[in-house]
J.: 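I am attaching a structure below and will ask some questions about it afterwards.
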Amino acid sequence: MPRFSANLSMLFTERPFLERFEAAARAGFAAVECQFPYDWPADEVARAARGAGVEVVLFNFPAGDWAAGERGLGCLPGREDEFRAGVARALEYAAALGCTRLNCLAGVAPPAADAAALRATLIGNLRHAVDACAPRGIDVLVEAINTRDVPGFFVDRCTLAAELVAAAARDRLFIQYDIYHAQVMEGDLARSIARLLPHIGHIQFADNPGRGEPGSGEINFPWLFAELDRLGYAGWVGAEYRPRGADTESGLGWLRA
Ligand SMILES: O=C(O)[C@@H](O)C(=O)CO
Ligand SMILES: [Mg+2]
């Protein structure tokens with residue numbers, strides 16, 4: 001079985017954030033990840049992870065005004081300074097948490113924006129992020145998000161994420177392969193993972209439809225997890241789903257299968 005991490009932005013949300021680290025450890029996770037740790041002081045997050053004995057394996061760069069509907073800054077012309085300040089802030093947290101993977105969310109394309117300008121902005125920001133992170137031993141990832149859930153998201157397919165990684169031409173820049181988003185937009189999961197494997201730095205999953213735990217939708221996770229082993233994927237696989245039951249624990253049968 002792959003090495004699983006619990007995404008604390010979606011799992012164990014029945015508890016306050018800083019208590020989720022211990023809950024994940026008790027449930028059997030050796031590692032955790034989250035989307036944004038920035039609402040809590042880095043030293044408090046580090047203390048929670050250390051106290052629970054779990055590794056923090058990934059989080060996102062700051063992604064703009066989330067409450068206002070922004071879903072990332074990477075592709076947005078004119079927001080480069082804000083993106084770069086976010087990289088610096090993420091590096092502060094990564095140092096405190098010992099985290100070596102940071103994910104870049106490209107953002108939602110502004111209406112009538114020039115796609116070439118968005119692409120150039122994203123590539124420039126990815127290069128900046130890698131140039132800032134790589135000397136610290138930190139990988140940068142770019143994640144494709146489905147446009148049914150996030151209409152207009154600029155990087156909507158793993159094939160596009162792969163193309164951007166190639167165009168940026170930087171070491172330590174990888175795809176964050178989210179199985180849920182890939183199933184919604186592209187399907188053909190096993191073959192696309194196999195084809196992109198050398199460029200995948202992290203995998204996340206949820207079932208489809210509904211973004212719930214394995215077994216709540218159409219994806220054959222027992223087979224797919226075994227395929228990740230057969231393919232030799234040695235990275236982390238992040239459980240990033242909405243538990244269907246009253247609490248996270250009741251939906252962890254997949255972890256114990
Ligand atoms: O798939 C997702 O939604 C997350 O990985 C994320 O960070 C963007 O919300
Ligand atoms: Mg994801």
Side-chain angles (χ1 to χ4, degrees), residues 2 4-13 17 20 31-39 45 56-76 83 86-87 89-90 93-94 97 99 101-109 122 125-126 129 139-158 160-162 164-165 174-186 189 192-193 196 199-214 216-217 219 221 224 228 233 235-243:
F4 294 113
S5 56
N7 190 301
L8 301 183
S9 297
M10 295 184 79
L11 269 64
F12 303 103
T13 57
F17 181 72
R20 299 175 197 171
V32 299
E33 58 185 65
C34 71
Q35 293 173 2
F36 307 103
Y38 309 107
D39 286 345
V45 181
V56 179
V57 297
L58 173 111
F59 56 88
N60 297 328
F61 292 123
D65 185 346
W66 198 265
E70 293 188 329
R71 292 294 180 269
L73 299 168
C75 76
L76 302 179
F83 177 84
V87 170
R89 183 157 171 73
Y93 274 73
L97 301 177
C99 181
R101 287 167 207 82
L102 294 172
N103 180 44
C104 172
L105 292 171
V108 175
L122 179 54
N125 281 334
L126 288 171
D139 294 340
V140 174
L141 304 148
V142 56
E143 181 179 21
I145 302 284
N146 85 76
T147 49
R148 180 173 67 201
D149 292 350
V150 186
F153 194 83
F154 185 61
V155 180
D156 59 355
R157 294 170 185 274
C158 295
L160 174 55
L164 290 162
V165 165
F174 297 96
I175 298 164
Q176 175 163 300
Y177 192 101
D178 188 310
I179 287 169
Y180 166 68
H181 295 304
Q183 177 68 355
V184 171
M185 297 300 286
E186 303 166 87
L189 295 172
S192 76
I193 291 170
L196 297 173
H199 308 291
I200 294 175
H202 189 71
I203 293 177
Q204 296 175 319
F205 68 89
D207 215 334
N208 182 60
R211 202 169 187 178
E213 59 263 32
S216 63
I219 300 172
F221 279 101
L224 192 56
L228 293 180
Y233 174 73
W236 290 98
V237 179
E240 191 184 47
Y241 61 79
R242 292 192 195 94

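Just follow the structure's listing: the first ligand is 1, and inside any ligand the first atom is 1.
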J.: So Tyr38 and Tyr93, would you call those rings parallel, tilted or perpendicular, with 30° and 60° as cut-offs?
T.: perpendicular
J.: Which atoms of ligand 1 are found less than 4.0 Å from any heavy atom of Glu143?
T.: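 Under 4.0 Å from Glu143, ligand 1 has these atoms: 1 (O), 2 (C), 4 (C), 5 (O), 6 (C), 7 (O).
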J.: With the Mg ion (ligand 2) as the point of reference, which N/O/S atom of Glu240 is the closest?
T.: OE1
J.: When rounded to the nearest 0.5 angstrom, what distance separates CG in Leu164 from SG in Cys75?
T.: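 Reported value, rounded in 0.5 Å steps: 10.0 Å.
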J.: Show which atoms of ligand 1 fall inside a sub-4.0 Å distance from at least one heavy-atom site of Arg211.
T.: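 Counting atoms of ligand 1 from 1, those under 4.0 Å from Arg211 are 1 (O), 2 (C), 3 (O).
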J.: Among Phe154, Phe36, Phe61, which residue satisfies the side-chain contact (heavy atoms from CB on, under 4.5 Å) criterion with Leu105?
T.: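 The option that passes is Phe36.
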J.: Look up atom CZ in Phe205 and atom OH in Tyr180, then write down how far apart they are to the nearest 0.5 Å.
T.: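 OH of Tyr180 is found 14.5 Å from CZ of Phe205.
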J.: State whether a side-chain donor-acceptor pair under 3.5 Å links Asn103 with Glu143.
T.: yes
J.: Which ligand 1 atoms are under 4.0 Å away from a heavy-atom of Gln176?
T.: 5 (O)
J.: Check each atom of ligand 1 against the heavy atoms of Glu240 and keep those under 4.0 Å away; list them by number with element.
T.: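 What qualifies from ligand 1 is 1 (O), 2 (C), 4 (C), 5 (O), 6 (C).
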J.: Quick check: does Gln204 have an N/O/S atom under 2.8 Å of the Mg ion (ligand 2)?
T.: yes
J.: Once rounded to the nearest 0.5 Å, what's the spacing between atom CG of Asn7 and atom CZ of Arg242?
T.: 11.5 Å
J.: Just give me the atom name: the N, O or S atom of Asp178 closest to the Mg ion (ligand 2).
T.: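 Of the nitrogen, oxygen and sulfur atoms in Asp178, the Mg ion (ligand 2) lies nearest to OD2.
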J.: Output yes when the distance from some N or O of ligand 1 to some N or O of Gln204 is under 3.5 Å, and no in every other case.
T.: yes
J.: Could you check whether Arg211 and Asn146, counting side-chain N and O atoms only, form a donor-acceptor pair closer than 3.5 Å?
T.: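 The criterion, which ignores hydrogens and geometry beyond distance, is not satisfied for Arg211 and Asn146.
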J.: Only one of Leu58, Leu8, Asn60 passes side-chain contact (heavy atoms from CB on, under 4.5 Å) with Gln35; say which it is.
T.: Asn60
J.: Carefully, step by step, assess Tyr177 and His202 under the rule side chain to side chain contact (heavy atoms under 4.5 Å, CB included).
T.: CA-CA 6 Å; Tyr177 192 101; His202 189 71; over 6 Å; no
J.: Kindly confirm or rule out an N or O of Trp66 lying under 3.5 angstrom from an N or O of ligand 1.
T.: no
J.: Could you list the atoms of ligand 1 found under 4.0 angstrom from a heavy atom of Asn60?
T.: 6 (C), 7 (O)
J.: Taking only heavy atoms of Ile145, which atoms of ligand 1 are found under 4.0 Å from at least one of them?
T.: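 By the 4.0 Å cutoff, the relevant atoms are 1 (O), 2 (C).
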J.: Give the atoms of ligand 1, by number and element, whose distance to some non-hydrogen atom of Leu105 is under 4.0 Å.
T.: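 Checking each atom against Leu105, I get 8 (C).
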J.: What's the atom name of the N, O or S in Glu143 nearest to the Mg ion (ligand 2)?
T.: OE2
J.: Which ligand 1 atoms are under 4.0 Å away from a heavy-atom of His181?
T.: 1 (O), 2 (C), 3 (O)
